[in-house]
Amino acid sequence: MSAPNALFRRLSRYYLWYTVCFAAFVLSLALLEREGMPRVWLGYLYMFATIVLYAAIGVISRTSNVTEYYVAGRRVPALFNGMATAADWISAASFISLAGGLFLHGFDGLAYIMGWTGGYCLVALLIAPYLRKFAQYTIPDFLAARYGGGAGGRGGPVRVMAVAATIVVSFTYVVAQIYAVGLIASRFTGVDFSVGIFLGLASILVCSFLGGMRAITWTQVAQYIIILVAFLLPTMWLSLKHADNPVPQLAYGTVMPKLAAREAELERDPREREVRAIFAQRAGYYQALAASLPASWENGRQDLERRLDAVRLRNAALGEIRAAERALLAWPKNADDAARSWNAARAANLARSLPPLPHATPFPGVDQAASDIRRNNFLALVFCLMLGTAALPHILMRSYTTVSVHDTRVSVFWTLFFILLIYLSIPALAVLIKYDLYSALVGTRFTQLPNWISYWASVDKLNPLISIADINGDGIVQLAEIAIDGDMLVLATPEIGGLPYVISGLVAAGGLAAALSTADGLLLAISNALSHDFYYKVIDPGASTQKRVTISKLLLLAVAFIAAYAASQKPADILSLVGAAFSLAASTLFPALALGVFWKRANHAGALAGMASGFCVCLYYMLHTNPILGGSAAGQWCHIAPMSAGVFGVPAGVLVLVVISLLTPAPDTSSDGLIDHLRAPE
């Protein structure tokens, strides 16, 4: 029996036993719940058991061997590499936020499904096999060897720029994953959000710190099994509940007409229109305040100061005085701050004054121009996600871990298969959750709200994940009175569907596995770029093997804590952060990678200029148009949203790379030889 076959059989036995043990663990927790074990203890058991499991795999797989640490010894079987890559790919954005995005945005949310799935096809066709044949360790390795230049023709400048791009892209992405870890930990253990972030970080560090790619690979296979079970079980339950069919992809078509009928009914409901009219009035109020600045800000501040003085003079109750003080403290600090705050409040109220978007209608808009804008943004987002996928360093690194180029191609097939098991269920889950809420929650009396609403409203008291307020005072929940964060919907699915709490813990474990698996890969990509590509290849080429691995581990530790601190500041929602990472990856790395394989004339100067120009155009557009980053929507080009900035960055990068390459000397014969070697049949 050959060594690869023996390894495959051994791994199959290990993971089969692991799956059986995990099923037994979930069943035992279900029995404990029936016997009255408190929910918080079930949450602790799930968190503790999964983190200990991942840590144990990390300890068992610890290594200081360079090839094992960077590329898992290049001996991972194709099927298991496909599972590991799928876990690396199915991040918190896919597991937690994607169904929520489809819930909130309807047809427009399918851009994520199409972009990410199509992007993996580009990985298979354009990048992955050629990287495996190159047989080094990182993406900057490939770019430096392909484009050369710098001292001794070793490609130092290109390598440094590729390292910088890897760090920026991966750091933006990893912040979103660690944010999700904090969300899950705070919900299911009761700890503060920021504390939950650093607790989850412990599992990430144990896996990647001790064993590098080897530990991460075997951990990600275990995590994928949890992800698959955790996502499909509640989805199949909701499917059976609403369509008498446990296959969600088939139930999808049955429930969609019911949802459309319910949406039409809610759009005509007089009480819904009353609530939307109130939000429209509030939007008009904030518009009037913003229009009369700075006088409105000054007058409002003086009114609040007089009110505070009045309650103090008449010795009012302490609670009344504190309320007046809080109102004054909450008032905008200056006229500019007031303009931002009031315009944001106007936009939020205006959005809630609109009727519900039909879930299945492509690009709904009040007129043809509005519909065209939505269509253009849909296509732009698909474009950015596809090309960003084909340039993500932590995903492309997995091309190096298989036995051969053939195994890399087979591995990509298995990756797509394992991803689609989840991705084909996500649109169905969004429809099932929406129909459940529209038919069960809307119309409920406020005195009879289900318990899960209070649970989720208390997870983050400063920015509640769900809030329901009786806007028109009729005591009945209207759809327009519900404000819900898409990031919580999948985690709350078992409670929404009436499943036992043990399934809620299972879904949380799946979300945690999705966030941790991607965070592991991203942190390793950052630390490897710094230790291998920057320190070893640029600063100290004579560094020993032990020193290189040690530096990688220390850098991983530092980057992890910086990312955790950034995530604790809650810079944006998960999908927005992920979208920004994909646009940056597409703009900076994709032109150099794709043209580096398929266009021999691309050279060192062109690659440098192309990466720099793509990155600068993308970053400028984000800063110029994103209100969170100090920009304004008024600065958008062709009404394209900031997260799709790559639609401008990629053409800029390609154009500059081509022009500069044609204006400067052609690359030497060694570059041509490398391309011929990469593209030659195996």
Side-chain angles (χ1 to χ4, degrees), residues 17-57 92 95-96 180-203 206 219 222-223 225-238 240-241 429 433 436 440-441 448-461 464-466 487-516:
W17 277 110
Y18 159 78
T19 305
V20 171
C21 292
F22 178 70
F25 172 72
V26 174
L27 288 174
S28 65
L29 290 187
L31 292 174
L32 289 173
E33 183 181 6
R34 285 189 61 186
E35 294 301 317
M37 175 174 277
R39 289 184 167 192
V40 66
W41 283 104
L42 292 173
Y44 279 127
L45 283 172
Y46 264 118
M47 294 284 292
F48 177 77
T50 52
I51 288 177
V52 167
L53 169 68
Y54 306 149
I57 296 174
F95 189 96
I96 295 176
V181 170
L183 181 67
I184 295 166
S186 62
R187 169 61 184 92
F188 289 93
T189 63
V191 299
D192 181 72
F193 176 83
S194 298
V195 176
I197 282 176
F198 288 95
L199 285 177
L201 200 62
S203 175
V206 172
T219 304
Q223 287 167 331
I225 294 169
I226 296 177
I227 290 168
L228 184 66
V229 175
F231 194 89
L232 291 185
L233 192 61
T235 305
M236 293 170 69
W237 172 265
L238 275 180
L240 190 62
K241 176 182 177 181
L429 178 60
I433 295 175
D436 197 294
L441 182 59
Q448 299 172 338
L449 287 176
N451 292 332
W452 64 266
I453 291 177
S454 60
Y455 291 152
W456 282 99
S458 63
V459 168
D460 187 351
K461 293 183 173 62
L465 296 171
I466 184 170
D487 289 343
M488 62 147 281
L489 278 170
V490 169
L491 296 175
T493 294
E495 294 158 294
I496 293 172
L499 284 164
Y501 186 80
V502 69
I503 304 301
S504 297
L506 175 63
V507 172
L512 186 66
L516 294 179

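Between the side chain of E495 and the backbone N or O of S504, no donor-acceptor pair lies under 3.5 Å. A donor-acceptor distance shorter than 3.5 angstrom exists from the side chain of Y46 to the backbone of V502, with no hydrogens or angles considered. With W237 contributing its side chain and G497 its backbone, the two residues share a donor-acceptor pair below 3.5 Å.
Annotation: side chain of L441 is not in contact with side chain of D436 (no heavy-atom distance under 4.5 Å). Residues Y54 and I226 meet the side-chain proximity criterion, which asks for heavy atoms closer than 4.5 Å. The side-chain heavy atoms of L506 and F25, taken from C-beta on, include no pair separated by under 4.5 Å.
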Determine, step by step, whether M37 and Y501 satisfy the side chain to side chain contact (heavy atoms under 4.5 Å, CB included) criterion, reporting the C-alpha distance in whole Å, the side-chain angles of both residues, the deciding distance to 0.1 Å, and the verdict. CA-CA 11 Å; M37 175 174 277; Y501 186 80; over 6 Å; no
Output, in order, the C-alpha distance, side-chain angles, deciding distance and verdict of side chain to side chain contact (heavy atoms under 4.5 Å, CB included) for W41 and L32. CA-CA 10 Å; W41 283 104; L32 289 173; over 6 Å; no
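Distance CG/L238 to CD1/I433: 6.5 Å, rounded to 0.5 Å. The distance from atom CD1 of I57 to atom OG1 of T219, rounded to the nearest 0.5 Å, is 4.5 Å. Rounding to the nearest 0.5 angstrom, the gap separating the CZ atom in F22 from the CD1 atom in I225 is 9.5 Å. In this structure, CG in L45 is found 12.0 Å from CD in E33, a value given to the nearest 0.5 Å.
A pairwise comparison of heavy atoms in F95 and A514 identifies CB-CB, 3.7 Å as the closest pair. Heavy-atom minimum distance, G510 versus A230: CA-CB, 3.7 Å. Closest approach of T50 and A509 over heavy atoms only: CG2-CB, 4.1 Å.
Each of V507, L429, T235 was evaluated against T493; a single residue qualifies, L429, per the side-chain contact (heavy atoms from CB on, under 4.5 Å) test.
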